[in-house]
Every structure is written in structure tokens, then in C-alpha cells.
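Comments concern the structure below.
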Amino acid sequence: MKLYSRMLVGGALAAAVGLSAIAAHAQAETYPTRTITMIVPFAAGGPTDVISRIVTGHMAQTLGQTIVIENVVGAGGTTASARAARAANDGYTLITGHMGTHAASVPLYPSLAYHPQKDFEPVSLLAGTPILILARKDFPPKDLKEFVTYVKANVEKVNAAHAGVGSVSHVSCQLLNSILDIKPTGVPFNGTGPAMNALVGGQVDYMCDQIVNAVPQINGGTIKAYAIATPERNPSLPGVPTTAEAGLPAFQAQAWNAIFAPKGTPAPIIAKLNAAAVKALDDEGVRKRLLDLGSVIPAAGQRTPEALAALVKGEIEKWTPVLKPATN
Ligand code: ASP
């Protein structure tokens with residue numbers, strides 16, 4: 001009797017699991033049937049926001065649904081990432097993360113409310129973003145060598161803008177500052193969109209940031225760029241020397257932005273999102289906009305969820321021994 005009732009319960013459970021699998025499959029087949037929210041973990045106008053808007057604009061056409069960008073700021077992008085990790089895993093809430101939110105935050109925040117690997121499904125890498133050393137246009141040093149001498153001599157009075165602890169701008173300037181053995185005052189913003197406005201307005205001295213929103217400002221002469229921290233110059237900024245050319249070869253930094261979904265989002269939905277992102281990255285208009293802003297468009301093999309999972313793993317391994325829990 002006992003065995004029989006257990007069999008009945010077992011049968012009912014199996015049927016329920018089977019039904020929910022069928023329901024999930026049906027849901028994935030018709031996905032998407034309504035608006036998708038893309039969380040951007042920084043303020044509007046910064047690199048993460050700009051890249052997200054360019055790519056999701058095209059993805060929305062492919063998917064036949066609107067993708068709304070929601071800027072959720074705070075704590076170097078970790079507030080938004082924690083929220084995305086807890087969102088329903090139905091494909092209607094996604095996040096554009098980056099090297100900070102999905103790698104460097106792990107060693108920097110000992111009680112991080114999410115884990116980039118355990119709480120997310122990788123969807124697709126969107127762009128590589130070289131890092132530049134930037135300054136307000138009237139900052140006294142005229143090249144990188146003078147910059148190094150100047151910030152070392154004036155460390156008490158210079159400040160560096162960033163987008164919060166664990167952001168790309170924070171982590172890359174931490175790296176630069178450790179090479180120079182200085183600890184200037186950090187000035188946090190909700191993203192490097194507003195940080196760039198402060199740099200243009202002369203309210204902060206320097207910043208290390210992803211190339212994307214720097215290109216128009218550098219070309220417009222509203223800020224200075226001392227060097228790009230990649231082995232090659234960038235075609236969008238042919239006049240900006242590499243850190244090696246400018247005398248600081250030890251400073252090498254490149255970031256990236258990528259789409260993630262909450263863990264457990266059904267595989268067919270991830271596949272649809274990935275296909276839409278890949279199609280966007282192959283579109284001439286999207287490519288031109290990304291390239292004009294200095295981004296590096298990932299090659300086909302770098303756009304798969306598996307490649308993004310490997311990138312996140314590698315980046316966490318790279319940053320964990322380098323970064324200590326941070327306080328500024
Ligand atoms: N680039 C920024 C960072 O420092 C964030 C942003 O995209 O606004 O992480």
C-alpha cells in the first residue's frame with residue numbers, strides 16, 4: 001500500500017516535471033511575446049549604455065519586440081547585477097555586464113550578492129573596449145611622461161574619476177596607480193557618462209576608461225588622451241600613442257561588455273538571444289557605429305555563450321590575485 005502510494009506520488013511528480021518541461025519548451029518556442037528589459041548597470045551616456053543601445057536596437061528588430069534599457073546605478077554596477085541575478089529566468093530581463101561587474105567585482109566585494117558564473121547564463125560578448133588614460137583638457141602635463149612625473153609629485157592634490165568600486169574605470173586606474181606607486185583621491189560617479197561630463201567640465205583631473213565615450217570628446221578637443229593601453233593604436237584615434245610608445249609599456253588594459261541572462265533561462269531562449277546578438281554584430285550599420293567609437297568587434301568564435309563563459313572564468317582568475325577588497 002505504502003509502495004503503491006509512493007508510486008502514485010512519484011508518477012504525479014514525473015508528470016508535473018514533464019508538463020513544466022513542455023510548458024518551458026512552448027514558452028521558448030514563442031519567445032519573445034512582450035517587451036524585454038535590458039538592465040544597464042551604469043548611468044546613461046557611458047560606454048556600457050552606448051554599446052547596449054547600439055546592439056539591442058538591432059536585436060529588437062530581429063526578435064520582433066522592443067528592448068527597453070533600464071539604467072540601474074550604484075556600487076560599481078554590482079547593485080544592478082544583483083538585481084538581474086534575482087530576476088525571473090524567462091528571457092525578459094537581461095543585463096549588459098562587463099569586465100568589472102562580471103569578473104573584477106568578485107575579489108573586490110567579499111560579500112558580493114551574486115556570482116558571475118553561478119548566477120548567470122552567458123549570452124554573447126558584444127565588444128572589446130581598449131582603455132585610455134584621459135585628463136581634463138587643461139591638466140598641466142602634455143604627454144604621458146610628464147603625466148607620470150606630475151601625478152607622482154602632486155599626488156596630494158590630484159584626483160581620478162571612476163564609476164564606483166569594481167567598475168572598469170576604477171580597476172584600470174587602480175592598476176595604473178599601482179604601477180606608478182601612487183594613491184590619488186578617487187571620485188566616484190554612477191557611470192563614466194557623468195564622469196566624462198565632469199572631466200570635460202574640468203571638475204576632475206584624470207580617468208582611465210573604456211574608449212567608447214572618449215572618442216568624440218578627444219576628437220572634439222574637450223579632453224586630453226595621453227595613451228591607449230593596448231599593443232596597437234586604435235583606428236578611431238590614430239593620433240593617440242600606445243602606452244608602450246609613450247613610455248609606460250607596463251600599463252596594458254582592455255575591457256569588454258557582454259549580455260548575460262539570469263541562471264536557468266531556458267537554452268532555446270539563450271540561443272535566440274545569442275543569434276540576435278550575432279546578427280547585430282554582423283550588421284554593417286551596427287559595426288560602423290561600434291568601430292567609429294573604437295570598440296573591437298568580437299570574431300565569430302568569441303560570440304558563443306561557451307566562449308563568454310570561458311572569458312568570465314579567465315577574467316576572474318586573472319583579477320583575483322591582483323585585486324584586494326577595496327575601500328575607495
Ligand atoms: N565604463 C564604466 C566603467 O568604468 C561604466 C560605464 O559604462 O558607464 O565601468
Side-chain angles (χ1 to χ4, degrees), residues 38-56 69-82 84 94-109 112 116 125-135 159-177 184 186-200 204-218 223 225 228-230 234 251 253-260 289-290 293-296 312 315 319 323 326 328:
M38 177 65 76
I39 296 178
V40 165
F42 297 100
T48 309
D49 182 73
V50 170
I51 290 171
S52 297
R53 287 177 198 273
I54 293 173
V55 179
T56 58
I69 301 280
E70 192 183 339
N71 299 88
V72 178
V73 302
T78 60
T79 304
S81 304
L94 309 170
I95 184 165
T96 304
H98 71 0
M99 185 205 89
T101 58
H102 283 68
S105 58
V106 173
L108 282 170
Y109 289 86
L112 194 64
L125 181 62
L126 300 183
T129 53
I131 302 294
L132 289 147
I133 305 172
L134 308 165
N159 61 51
H162 61 75
V165 171
S167 63
V168 165
S169 44
H170 173 256
V171 170
S172 10
C173 253
Q174 290 273 89
L175 191 64
L176 174 67
N177 297 337
V187 185
F189 290 83
N190 280 332
T192 45
M196 180 62 78
N197 291 341
L199 199 65
V200 171
V204 289
D205 294 323
Y206 73 100
M207 172 162 87
C208 307
D209 198 27
Q210 297 170 269
I211 193 165
V212 173
N213 63 339
V215 171
Q217 302 297 350
I218 297 164
I223 59 168
I228 186 162
T230 45
N234 189 282
F251 183 54
Q254 172 148 220
W256 45 267
N257 283 92
I259 299 178
F260 298 87
R289 290 175 72 195
L290 290 174
L293 294 173
S295 319
V296 178
V312 169
E315 289 280 88
W319 288 107
L323 299 169
N328 73 334

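Counting convention: from 1, in listed order, for ligands and their atoms alike.
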### Message
Is there a side-chain contact between Trp319 and Leu108 in this structure, where contact means two heavy atoms from C-beta onward sitting under 4.5 Å apart?
### Response
no
### Task
Report yes if the side chains of His162 and Val187 come closer than 4.5 Å at any heavy-atom pair, otherwise no.
no
### All ring pair (Phe, Tyr, Trp, His ring centres under 6.0 Å) counterparts of Tyr206, not counting sequence neighbours
Phe147
### Task
Could you tell me which residues satisfy side chain to side chain contact (heavy atoms under 4.5 Å, CB included) with Ala84, sequence neighbours excluded, listed by chain and number?
Ile39, Ile95, Phe120
### Task
Could you walk me through whether Ile223 and Ile218 pass side chain to side chain contact (heavy atoms under 4.5 Å, CB included), step by step?
CA-CA 5 Å; Ile223 59 168; Ile218 297 164; 3.9 Å; yes
Measure and list all N/O to N/O distances between ligand 1 and the protein that fall under 3.5 angstrom.
{"residue": "ligand 1", "atom": "1 (N)", "partner": "Thr192", "partner atom": "OG1", "Å": "2.9"}
{"residue": "ligand 1", "atom": "1 (N)", "partner": "Asp209", "partner atom": "OD1", "Å": "3.0"}
{"residue": "ligand 1", "atom": "1 (N)", "partner": "Gln210", "partner atom": "OE1", "Å": "2.6"}
{"residue": "ligand 1", "atom": "4 (O)", "partner": "Val168", "partner atom": "N", "Å": "3.4"}
{"residue": "ligand 1", "atom": "4 (O)", "partner": "Ser169", "partner atom": "N", "Å": "2.8"}
{"residue": "ligand 1", "atom": "4 (O)", "partner": "Ser169", "partner atom": "OG", "Å": "2.5"}
{"residue": "ligand 1", "atom": "7 (O)", "partner": "Pro47", "partner atom": "N", "Å": "3.4"}
{"residue": "ligand 1", "atom": "7 (O)", "partner": "Thr48", "partner atom": "N", "Å": "2.9"}
{"residue": "ligand 1", "atom": "7 (O)", "partner": "Thr48", "partner atom": "OG1", "Å": "2.7"}
{"residue": "ligand 1", "atom": "8 (O)", "partner": "Thr192", "partner atom": "N", "Å": "2.9"}
{"residue": "ligand 1", "atom": "8 (O)", "partner": "Thr192", "partner atom": "OG1", "Å": "3.3"}
{"residue": "ligand 1", "atom": "9 (O)", "partner": "His98", "partner atom": "NE2", "Å": "2.6"}
{"residue": "ligand 1", "atom": "9 (O)", "partner": "Val168", "partner atom": "N", "Å": "2.9"}

Pairs of donor and acceptor atoms involving the side chains of residues 44-56, under 3.5 Å and at least two apart or interchain, shall be tabulated with distances.
{"residue": "Thr48", "atom": "OG1", "partner": "Asn257", "partner atom": "ND2", "Å": "3.3"}
{"residue": "Asp49", "atom": "OD1", "partner": "Arg53", "partner atom": "NE", "Å": "3.0"}
{"residue": "Asp49", "atom": "OD1", "partner": "Arg53", "partner atom": "NH2", "Å": "3.1"}
{"residue": "Asp49", "atom": "OD1", "partner": "Asn71", "partner atom": "ND2", "Å": "2.9"}
{"residue": "Asp49", "atom": "OD2", "partner": "Gly45", "partner atom": "N", "Å": "2.9"}
{"residue": "Asp49", "atom": "OD2", "partner": "Arg53", "partner atom": "NE", "Å": "3.0"}
{"residue": "Ser52", "atom": "OG", "partner": "Thr48", "partner atom": "O", "Å": "2.7"}
{"residue": "Ser52", "atom": "OG", "partner": "Thr96", "partner atom": "OG1", "Å": "2.9"}
{"residue": "Arg53", "atom": "NH2", "partner": "Asn71", "partner atom": "OD1", "Å": "3.3"}
{"residue": "Thr56", "atom": "OG1", "partner": "Ser52", "partner atom": "O", "Å": "2.6"}

